[in-house]
S.K.: 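Below are the structure tokens for one structure; questions will follow.
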Amino acid sequence: MAVETIEQTQEELILGFLSESGDDYTSGETLSGKLGLSRTAVWKRVEALRTKGYRIEAIPARGYRLVEVPDRLTSLEVTPLLGTRELGRTLHHHAVVGSTNEVAFRLAQDGAEHGEVVVAEQQTSGKGRRGRAWVSPPGLNLYFSAILRPELPPQRAPELTLVAAVALAENLREFGADAAIKWPNDVQISGRKVAGILTELSAEPERVHFVIVGVGVNLNCQAEHFPEELRETATSVSLARGEKVHRAQFAAGLWTRMEEWLDLYLETGFDAVRARWKELSSTLGQDVLVRTDRSELRGLAVDIDPSGALLVRTEAGQVERVLAGDVEQLRPRQPQRTR
Ligand code: BTN
């Protein structure tokens with residue numbers, strides 16, 4: 001839902017104040033002063049929040065305390081936790097969609113603004129890279145697509161995928177997962193895929209109209225949610241940490257980091273993103289097998305170039321530049337014996 005009612009904004013503000021207070025009580029008087037509402041109006045909004053699944057304790061002479069937040073990703077849950085100017089401030093939340101990338105693409109074609117985000121509790125035809133499907137069971141994970149309108153030439157748009165990958169790996173680490181980036185945009189924990197990014201572009205030769213950055217993160221799904229053939233290679237944060245992840249906190253943290261990295265990238269260029277990507281990557285220094293649509297290439301992943309392409313040194317000693325493809329990371333290279 002893109003258009004917020006006044007009541008919704010007031011409810012978000014109440015939730016914001018109550019979450020800031022943590023376990024402390026906030027008096028009705030304080031809330032009514034901060035919101036410029038009567039105490040009866042505050043009480044009505046608290047009642048409305050309760051019907052939406054929030055547990056808010058009220059004790060006479062002490063005030064209100066937020067006890068439990070429903071596990072949902074509407075703006076009511078996410079906005080009070082956001083630290084962004086633009087990203088996610090307009091949130092289109094859906095219970096079920098085919099693909100958030102497709103919904104976001106249509107919204108952008110109809111004029112949606114930079115920073116609008118489409119998020120869904122479930123996708124029925126979630127899209128992965130190279131025509132693959134993205135498993136998207138309801139209410140467990142994070143599936144979203146951000147609409148970006150950066151002033152960039154189209155050939156630089158792929159760099160945005162690396163911007164998102166850096167934010168994603170950092171946020172996963174913040175949530176206790178030992179995440180690393182596998183080129184170009186898979187995020188893994190202990191060699192198993194936990195998140196992926198699908199970037200789609202609308203442009204003319206000189207100018208980007210918009211970019212859709214679609215991100216899927218396996219947060220709370222369990223092994224049985226993956227199809228048999230993925231069980232050995234996929235994971236979720238909860239499987240890796242043995243603890244449930246608070247999805248709204250994760251989403252708000254991720255969008256906040258994404259905006260910070262995006263600001264830095266648009267102000268200063270790709271260098272800082274590239275340097276951080278290299279620190280977070282598990283691909284560099286590994287023997288890799290790269291499959292593109294037409295060929296296969298084997299060698300040592302030595303670097304990414306200033307545009308984000310992977311540089312692979314082959315057995316013949318030649319350095320090949322790979323713009324797109326699937327990377328299989330072979331066993332780490334052992335120091336070579338010389339005798
Ligand atoms: C990949 O690693 O193959 C990319 C996966 C991208 C999945 C996300 S989920 C949200 C957004 N909507 C989609 O249909 N795909 C992306």
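Along the sequence shown, the residues carry numbers beginning at 1. Counting starts at 1 for both ligands and their atoms, in listed order. What you see is a predicted model; the values in this text were computed from it and never measured.
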S.K.: Are Arg247 and Asp71 within salt-bridge range, i.e. N to O under 4.0 Å?
M.R.: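 Salt bridge: yes.
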S.K.: Write out the residue and atom name of the closest protein heavy atom to atom 3 (O) of ligand 1, then the distance separating them to 0.1 Å.
M.R.: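 Ranked first by proximity to atom 3 (O) of ligand 1 is Arg129 N, 2.6 Å.
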S.K.: For ligand 1, note which part of Asp186 has a heavy atom under 4.0 Å away: side chain, backbone, both or neither.
M.R.: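 Side chain only; the backbone of Asp186 stays clear of ligand 1.
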S.K.: Is a side-chain N or O of Tyr143 found less than 3.5 angstrom from the main chain of Pro137, in a donor-acceptor match?
M.R.: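 It does hold such a pair.
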S.K.: Charged N to carboxylate O under 4.0 angstrom, Arg276 versus Glu279?
M.R.: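 So Arg276 pairs with Glu279 through a salt bridge.
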S.K.: Using a 4.0 Å cutoff against the non-hydrogen atoms of Gly128, which atoms of ligand 1 qualify?
M.R.: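 It comes down to these atoms of ligand 1: 1 (C), 3 (O), 4 (C), 5 (C).
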S.K.: Got a salt bridge between Glu86 and Arg89, using NZ or NE/NH1/NH2 to carboxylate O under 4.0 Å?
M.R.: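 No, no charged N to carboxylate O under 4.0 Å.
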S.K.: Judged by non-hydrogen atoms, does Gln123 sit under 4.0 Å from ligand 1?
M.R.: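 For ligand 1, residue contact (heavy atoms, under 4.0 Å) with Gln123 is present.
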S.K.: Please list, in number order, the atoms of ligand 1 under 4.0 Å from a heavy atom of Phe144.
M.R.: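 Checking each atom against Phe144, I get 10 (C), 11 (C).
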S.K.: Counting only heavy atoms closer than 4.0 Å, does ligand 1 sit against the backbone of Ser136, its side chain, both, or neither?
M.R.: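 Neither part.
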S.K.: Looking only at N/O atoms, are Tyr143 and ligand 1 under 3.5 Å apart anywhere?
M.R.: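 No, since none of the N or O atoms of Tyr143 sits under 3.5 Å from an N or O of ligand 1.
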S.K.: Looking at Gly126, which atoms of ligand 1 are within less than 4.0 Å of one of its heavy atoms?
M.R.: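 Atoms satisfying the 4.0 Å criterion: 14 (O).
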S.K.: Within the 4.0 Å heavy-atom shell around Thr100, which atoms of ligand 1 are there?
M.R.: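 Listed by number with element: 10 (C), 11 (C), 12 (N).
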S.K.: What protein heavy atom sits nearest atom 6 (C) of ligand 1, and how far off is it?
M.R.: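 Looking at atom 6 (C) of ligand 1, the protein heavy atom closest to it is Lys127 O, 3.5 Å.
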S.K.: Would a distance-only check, ignoring hydrogens and angles, find a side-chain to backbone donor-acceptor pair under 3.5 Å from Asn141 to Leu219?
M.R.: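 Yes; judged by distance alone, with no hydrogens or angles, the pair exists.
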S.K.: Does Lys193 reach ligand 1, in the sense of a heavy atom lying below 4.0 Å from it?
M.R.: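 Yes, Lys193 has a heavy atom closer than 4.0 Å to ligand 1.
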S.K.: Can you pull out the closest protein heavy atom to atom 5 (C) of ligand 1? Residue, atom name and distance to 0.1 Å, please.
M.R.: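 Going atom by atom, the protein heavy atom closest to atom 5 (C) of ligand 1 ends up being Trp134 CE3, 3.4 Å.
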S.K.: I want to know if ligand 1 touches Ser99 in the polar sense, i.e. an N/O pair below 3.5 angstrom.
M.R.: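 In this structure, Ser99 places an N or O atom under 3.5 Å from an N or O of ligand 1.
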S.K.: Using atom types as modelled and distance alone, determine if a side-chain donor or acceptor of Asn218 lies under 3.5 Å from a backbone N or O of Thr235.
M.R.: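 Answer holds: yes.
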S.K.: Tell me if a side-chain donor or acceptor on Asn185 pairs with a main-chain N or O of Thr161 at a distance below 3.5 Å.
M.R.: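 The answer is no, because no donor-acceptor pair under 3.5 Å joins these two groups.
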S.K.: Output yes when a side-chain donor or acceptor of Ser236 lies under 3.5 Å from a complementary backbone atom of Cys221, and no otherwise.
M.R.: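 Flag set: sc Ser236 to bb Cys221 pair under 3.5 Å.
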S.K.: Is the count of non-hydrogen atoms from other residues, nucleotides or ligands lying under 6.0 Å from Lys278 atom NZ greater than 12?
M.R.: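 Yes, the 6.0 Å shell around NZ holds more than 12 heavy atoms from other groups.
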